[in-house]
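Here is how names work: the chains are called A, B, and so on, in the same order as the sequence lines, proteins then strands, and each is numbered from 1.
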Protein chains: 2
Amino acid sequence: MEKKSYHHKNLKNDLIEKGIELVDEYGINRLSLRKVAQACNVSHAAPYSHFSSKEQLLQEMQLYITNQFAMILEDTVSKYQNMPNFLNEFGKAYISFFMKRPQYFSFLFHQGNIQIDLDINGNKKSNYRPFTIYKEQILKLLANSDMSQSKKEDLVIALFAYVHGLTALTTMKNVHYSHKWEDKLDDLIKSFSCEF
Amino acid sequence: MEKKSYHHKNLKNDLIEKGIELVDEYGINRLSLRKVAQACNVSHAAPYSHFSSKEQLLQEMQLYITNQFAMILEDTVSKYQNMPNFLNEFGKAYISFFMKRPQYFSFLFHQGNIQIDLDINGNKKSNYRPFTIYKEQILKLLANSDMSQSKKEDLVIALFAYVHGLTALTTMKNVHYSHKWEDKLDDLIKSFSCEF
DNA sequence: AGACGTATCTTGACAATGTAAAGATTGGAG
DNA sequence: CTCCAATCTTTACATTGTCAAGATACGTCT
């Protein structure tokens, strides 16, 4: 046991990261503030120096995950940006992220903290960059299309809903599927055939 | 205050129904076993005569909701069964159910208790009849198709994932959308164009 | 350098919660 | 009518989120 100094120095960030690790391992349901504090070798009330409530910590954890996720998606964008299979690769990247960390999905989407602005040119507050990126990329693909704005908006929502729904399925615990998702994702994503 | 008899007589069912009411009103996060017991005018440990744990009660509540939902969907099936817009109406019925009761969605799908068998002729245990119904209906529509079994399976999953994803969007708290879902659902569902 | 204020952390406490054990009540079988 | 077993209550305990009061130490100002 290392003798810990009174001041932890980087506790706020540590709480966020250790909290995320615990969610990754055990899921949000078994996460307690006190366990996160304990994982940081800190007393149970220490988090209150940095977060006003458990809810607040959870939100920051979600933001942290969301931003990491956005960076991965941006890598995917720059890699496949101008290739014909871009949308498929992007969709696979989206789903793969959550398949690797199934606990993240319910953590992000069932606390009610994720904000999304579905409007095509919306400027409402939105903290879920992965959707924003998705929206931008689709609109870029549709830049030269003569599709109406309304139809473009519908398509953005439809494509995202589809990928999001597939992600929900692939990350559910008690879903029985005799194939490996990895082998089927390509075909499944292509099943959504839309006119471009 | 009515003098309550020692024996409640129908407590098990009452706990399930009152529990569902509380979820409907406040969401799963604010639900406690003790509040459900209190809503039934019963001591806090009384539920343990009928359920081995809170988790068990939650599961039975989910089953209860799921079965009611299945009945609604079956009504929709018998009403639109042979009409050309059947799939659209079915999808709308699916989404509408959760739009009326937004709290049900996260309650059902983020506890990890919902079992789904995606296999086209699967016989694995599955407690989510709405999906089973969906699968059956789609396969019935494809009965005379020369599509391969594998493709049919993909299509079932794809269609369900899409409707499920749309439902997730429509029931999310912090989603900003300047249209009314009711006005857009038809177009959105049709956005998923697949070859039949 | 030394004192001080403030941010950070600890300790102790409380209410709400899930759950187990033991006792009370009652309906129904014999 | 008696007695058992199912049903409900009471009591108790560990875990949890949160708050208040106190301890510690870092940076700043003189």
Exercise. When you measure from the side chain of B/Lys135 to the backbone N and O of B/Asp117, does any donor-acceptor pair fall under 3.5 Å?
Worked result: yes
Seminar exercise, completed: To the nearest angstrom, the CZ-P distance between B/Phe51 and D/dA6 comes to 17 Å
Exercise. Is a side-chain N or O of A/Thr170 found less than 3.5 angstrom from the main chain of A/Met99, in a donor-acceptor match?
Worked result: no
Exercise. Does B/Phe98 have its ring centroid less than 6.0 Å away from the ring centroid of B/Phe105?
Worked result: yes
Exercise. Atom CG of A/Asn13 to atom P of C/dT8: distance rounded to whole Å?
Worked result: 13 Å
Exercise. With under 30° as parallel and over 60° as perpendicular, where do the rings of A/Phe97 and A/Phe69 fit, or are they tilted in between?
Worked result: parallel
Exercise. Quick one: on DNA chain C, does A/Ala46 or B/Ser52 contact a more 5' nucleotide (nearest heavy atom)?
Worked result: A/Ala46
Problem set entry | Distance below 4.0 Å between B/Ser43 side-chain N/O and D/dT9 OP1 or OP2 | yes
Seminar exercise, completed: To the nearest angstrom, the CD-P distance between A/Gln56 and D/dT18 comes to 11 Å
Problem set entry | Rounded distance in Å - CG (B/Leu11) to P (C/dT26) | 16 Å
Problem set entry | Closest non-hydrogen atom pair between A/Phe51 and A/Leu15, with its separation | CE1-CD1, 3.7 Å
Exercise. How close or far is atom P of C/dC9 from atom CG of A/Asp14, stated in whole angstroms?
Worked result: 10 Å
Problem set entry | A/Tyr94 and A/Tyr134 aromatic ring geometry - parallel, tilted or perpendicular at 30°/60° bounds | tilted
Check the interface with nucleotides 14-18 of chain C: list each N/O to N/O pair with the protein under 3.5 Å, or write none.
| unit_1 | atom_1 | unit_2 | atom_2 | d |
| --- | --- | --- | --- | --- |
| C/dG18 | OP1 | B/Leu33 | N | 3.1 |
| C/dG18 | OP1 | B/Lys54 | NZ | 2.9 |
| C/dG18 | OP2 | B/Leu33 | N | 2.8 |
| C/dG18 | OP2 | B/Arg34 | N | 3.3 |
| C/dG18 | N7 | B/Arg34 | NH1 | 2.5 |
| C/dG18 | O6 | B/Arg34 | NH1 | 2.9 |

Exercise. Roughly, in whole Å, what's the span from NZ in A/Lys12 to P in C/dC9?
Worked result: 12 Å
